[in-house]
Amino acid sequence: MSYAIIGFGKIGQALAKAFARHGVEVSVATTRDPESFSADAAAIGPTVIPRTLAEAVKADTVFLAVRFEAHPDVAKALPNWSGKTVIDAMNLFPVPDALEGVPSSAVVAKAFPGAKFVKGFNHLIAATLATDPVVEGGRRVVFLSSDDEGATAPVAALAKRLGFASINLGKLNEGGALVHARGQTWGPLIFQDLFKREQ
């Protein structure tokens with residue numbers, strides 16, 4: 001299984017640190033030349049590999065950590081996303097009226113035809129996401145939601161591998177609404193730093 005993070009701002013780097021902490025190789029890419037962020041990647045760890053966007057989207061699992069407005073440019077990197085899992089770690093705030101109450105992830109999902117699409121890893125601020133999620137016998141929680149019932153299980157397995165505990169919220173417009181902003185209001189689970197005790 002191969003992994004990539006598209007976007008290397010605060011959230012992208014926080015995700016990269018989670019991979020590096022466990023020695024899991026991950027490609028990182030932006031729309032810029034990889035040389036422009038190679039030093040930042042090297043500072044995180046040797047398993048964080050700078051790539052071009054075209055190279056990075058070859059991964060089996062792709063995290064979106066770009067601005068919402070940039071997701072169509074990422075989607076155009078492949079004609080079809082069949083066989084891939086796309087994890088939306090983005091947040092849109094405030095939410096424009098043009099979305100007409102539709103969760104932002106539902107809009108993003110349409111741009112990635114064929115992909116198994118999961119909303120996840122988006123509710124924590126970057127500084128928190130970047131820290132070790134295993135604390136005093138508990139694991140920091142990440143919330144997952146998807147309209148594809150089979151899509152969340154492998155993402156939950158990845159979350160566990162990276163040290164997190166995952167909670168499946170169900171469909172994007174149902175439980176997933178808890179981690180989406182609506183208009184000028186953040187979802188009630190966004191920024192909630194929760195832990196799950198080991199059984």
Side-chain angles (χ1 to χ4, degrees), residues 1-7 10-12 14-19 21-22 24 26 57 59-66 68 71 74-75 81-93 95 99 102-126 128-135 138-182 186-199:
M1 188 67 68
S2 55
Y3 306 100
I5 301 164
I6 311 301
K10 291 180 179 179
I11 292 296
L15 289 166
K17 287 175 183 176
F19 278 86
R21 190 177 296 116
H22 294 272
V24 180
V26 63
V57 296
D60 301 310
T61 299
V62 176
F63 283 83
L64 296 177
V66 297
F68 177 84
H71 81 264
V74 178
W81 289 76
S82 293
K84 296 185 181 294
T85 297
V86 174
I87 303 170
D88 177 8
M90 304 181 296
N91 283 315
L92 176 63
F93 188 87
V95 179
L99 265 62
V102 175
S104 60
S105 287
V107 175
V108 177
K110 291 180 180 178
F112 293 84
K116 292 182 176 179
F117 189 89
V118 178
K119 180 74 167 180
F121 293 84
N122 69 296
H123 84 284
L124 296 168
I125 63 171
T128 301
L129 185 62
T131 60
D132 191 338
V134 180
V135 179
R139 291 173 179 259
R140 179 169 279 118
V141 167
V142 292
F143 297 105
L144 307 177
S145 57
S146 178
D147 290 341
D148 181 341
E149 287 186 8
T152 53
V155 180
L158 172 60
K160 184 175 181 179
R161 185 179 180 189
L162 297 179
F164 295 91
S166 63
I167 294 177
N168 187 350
L169 298 177
K171 294 188 175 183
L172 295 173
N173 65 348
E174 295 174 359
L178 299 172
V179 289
H180 281 83
R182 295 294 178 100
W186 288 106
L189 290 179
I190 293 181
F191 309 134
Q192 297 297 314
D193 189 13
L194 306 175
F195 290 83
K196 190 173 183 180
R197 288 283 179 188
E198 299 285 12
Q199 298 297 317

According to salt bridge (charged side-chain N to carboxylate O under 4.0 Å, His left out), does anything in residues 140-151 pair up with another residue at least two apart or in another chain? List the pairs. R140-D193
For V179, is there any backbone N or O sitting under 3.5 Å from a side-chain donor or acceptor partner on N122? yes
Return yes if some donor-acceptor pair links the side-chain N/O of K116 with the main-chain N/O of S146 below 3.5 Å, else return no. no
So, for S166 and A156, which heavy atoms are closest and what is the spacing to 0.1 Å? OG-CB, 3.3 Å
Closest approach of H22 and G163, non-hydrogen atoms and distance? NE2-N, 4.0 Å
Go through it in stages, so that I can follow the logic: the residues are T85 and L158, the test is side chain to side chain contact (heavy atoms under 4.5 Å, CB included), and I'd like the CA-CA distance, side-chain angles, deciding distance and then a yes or no. CA-CA 12 Å; T85 297; L158 172 60; over 6 Å; no
Note: S2 and D60 closest approach over all heavy atoms is N-OD2, 2.8 Å
Interatomic distance, CG@L169 vs OG1@T152, rounded to 0.5 Å, equals 10.0 Å
At what distance, to the nearest 0.5 angstrom, does CZ of F195 lie from CZ of R139? 12.0 Å
Between I5 and G7 the two heavy atoms that sit nearest each other are CG2-O, 3.4 Å
Heavy atoms only: give me the nearest A14-A126 pair and the separation to one decimal. CB-O, 3.5 Å
Going by side chain to side chain contact (heavy atoms under 4.5 Å, CB included), name the residues that satisfy it together with D88, two or more places apart in sequence or in a different chain. M90, S105, V108, F117, K119
Assess whether side chain to side chain contact (heavy atoms under 4.5 Å, CB included) is satisfied between K196 and V141, documenting all intermediate values. CA-CA 6 Å; K196 190 173 183 180; V141 167; 4.1 Å; yes
Heavy atoms of I11 and L124 approach each other most closely as CD1-O, 4.0 Å
Tell me whether the rings of W186 and F93 are parallel (<30°), tilted (30 to 60°) or perpendicular (>60°). parallel
